[in-house]
Amino acid sequence: MINETHDPALKSWVESANSPDTEFPIQNLPLGVFRRRGTNDMPAIGVAIGNQILDLRSTGSLGLLEESGAPLADATAASTLNGLMALGHAEMSRLRRLLVTILRADGRRAEPRSLVAMDQAEMLLPAAIGDYTDFYASVFHATHVGELFRPQNPLLPNYKYVPIAYHGRCSSIVPSGTPIRRPSGQIKGQESTPSFRLSERLDYELEIGFFIGEGNKLVEPLTVDQSEDRIFGLCLVNDWSARDIQVWESQPLGPFLAKNFATTISPWVVTYEALAPFRCPASKRPPGDPAPLSYLSSPGNETQGGFDVVAEVWLRSGAMRQTGAAPVRLSRGSLRDMYWTLAQMLAHHTSNGCNLRAGDLLASGTISGSSRGSEGCLLEMTRGGAEPIVLPTGETRAFLADDDEVTLRAFCERTGHARIGFGDCTGIVRPSTFDD
Ligand code: CA
C-alpha cells in the first residue's frame with residue numbers, strides 16, 4: 001500500500017510544492033476539474049501541485065502520459081473524473097506513479113503551458129455525480145442531536161446496527177465558492193399553524209465525502225473488503241441545513257427541502273492511494289455495544305478500515321471580512337472517530353443489491369467528537385440555539401447570518417510522512433434576494 005510515491009523525501013521541480021505549509025506536496029496529487037478563469041475553454045482534469053495545477057489533457061498531448069496506455073490516456077483527456085474513477089485502483093496507481101515521474105525534482109518536466117496557477121483557474125465539480133447518499137455515522141453527533149429532541153432516549157435502537165443514511169440530491173451540489181442563498185420554506189414555530197417564510201436557523205454540517213470508483217452491478221452486493229477497493233477518493237462536504245424547515249418536515253420520512261437547496265463540496269479529490277499512510281483501525285466500540293453484523297465486518301476493516309483525517313470548520317462574518325479579521329475556528333474533529341467506516345457504509349449501501357456507479361458521492365454525516373469544540377454543526381454546538389457562540393467582533397451566532405463565510409478544511413498528518421491537505425470548501429451565505 002505505501003510505496004515510493006509516498007516517500008517523504010520526494011521533492012518537486014514545482015517549488016511551491018516543497019513549501020512546508022503547502023496542502024499539495026508531490027505525495028498528495030489530488031485530482032480535480034478546472035478551466036482557465038475568464039475563458040470558455042473545455043474543462044480539463046488537473047492535478048494540484050503546490051499552488052499550481054498540472055493540466056492532464058495538455059500533459060497527455062505532449063506525450064508525457066504515453067506509457068499509460070489507451071484507457072488511461074483517454075480518461076485523463078476527459079472533462080470529468082468519471083472515466084478515471086471507473087478504471088479502478090490498479091490503473092489509478094499507474095497514473096500516480098507516472099505523475100510522480102513527471103513532477104519529481106529530477107523528473108520529466110512538463111512544458112509551461114501544462115501548468116496553470118491556481119489563482120488563474122476556476123474549479124468545477126470534479127465528477128458528473130449520478131447519485132448522492134448522506135450517512136449519519138458519528139455516534140456523538142447522533143447522540144447530541146437526539147438529546148435536543150428526545151432527552152430520555154437520544155439514540156434510537158437501530159443506530160448501533162444500521163449505518164443510517166438518506167438519499168440526497170445531486171442537482172444542487174455545487175463547487176466551493178458558490179454563494180449559498182438563504183432558503184424559504186414551511187416553518188412552524190410556537191404558533192399553531194405553519195407559514196412559508198425565510199429560514200432563520202440556517203446551519204452547516206462538516207462532512208467528508210467519498211467518490212465511488214468501480215461500481216457494482218445491480219443485485220450484486222459488495223463485501224466490506226470489496227468495498228475498500230471501490231473507494232476512489234475523498235473530499236469535503238458541507239451539507240447546508242435549514243433546521244427550522246427540517247424539524248417540521250422530517251417526520252416521518254426524513255430530510256427533504258431542509259437539505260436539498262445546496263450542498264458544497266471541495267473541488268480536489270484526494271485519492272485512495274494518497275491516503276495510505278493515514279489509515280487506522282476502525283473506531284473501538286465501547287463495552288456493551290453490539291458487534292457489527294457479519295456482512296459489515298472483516299478483520300481488515302477492524303485493523304485498518306479507518307481514515308485519520310482531521311476536519312475543521314472556520315467562520316468569518318461579513319463584519320470580520322470588512323475589518324480584515326482572520327476566520328475563527330469553530331470546531332475540529334476526525335473521521336477516525338466515526339462509528340462506521342467508509343467501507344462499512346459502502347457495503348451496507350449495496351447489501352440489498354443496490355448498484356453504485358463511478359462518480360456517485362457518499363458522505364459520512366456530520367463529523368463530531370465527544371468533547372466540546374468538536375461539534376460539526378451549530379445545532380449541536382449551540383445546543384439548539386440556546387447557547388450562542390461569540391465571535392472576535394463580539395457578534396453572536398446561534399445559527400448563520402447573511403454574509404457569513406463558512407470554510408471547511410481537512411488534513412492528514414503522521415510522523416514520518418508528508419502532511420497532505422484537502423483544500424478549502426467555502427460558501428458565503430447570501431440573502432434570498434442576492435444576485436450574482
Ligand atoms: Ca448531513
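All figures in this text were calculated on a predicted structure; none of them were measured in a lab. Counting starts at 1 for both ligands and their atoms, following the listed order.
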* Look at atom CD of Glu147 and say whether more than 12 heavy atoms of other residues, nucleotides or ligands are closer to it than 6.0 Å. => yes
* Asked: Salt bridge between Glu312 and Arg329, side-chain N to carboxylate O under 4.0 Å?
  -> yes
* **Pairing residues for Thr407 by the side-chain hydrogen bond (donor to acceptor under 3.5 Å, both in side chains) criterion, not counting sequence neighbours** => Thr426
* By salt bridge (Lys or Arg N to Asp or Glu O under 4.0 Å) - contacts of Arg96 (at least two apart) -> none
Donor-acceptor list for residues 209-222 side chains, cut-off 3.5 Å, not counting sequence neighbours:
from	atom 1	to	atom 2	distance (Å)
Asn216	OD1	Leu356	N	2.7
Asn216	ND2	Glu220	O	3.0
Asn216	ND2	Cys354	O	3.1

* Asked: Where does the angle between the aromatic ring planes of His349 and His167 fall among parallel (under 30°), tilted (30 to 60°) and perpendicular (over 60°)?
  -> tilted
* Asked: Protein N/O/S atoms under 3.0 Å from the Ca ion (ligand 1): how many?
  -> 4
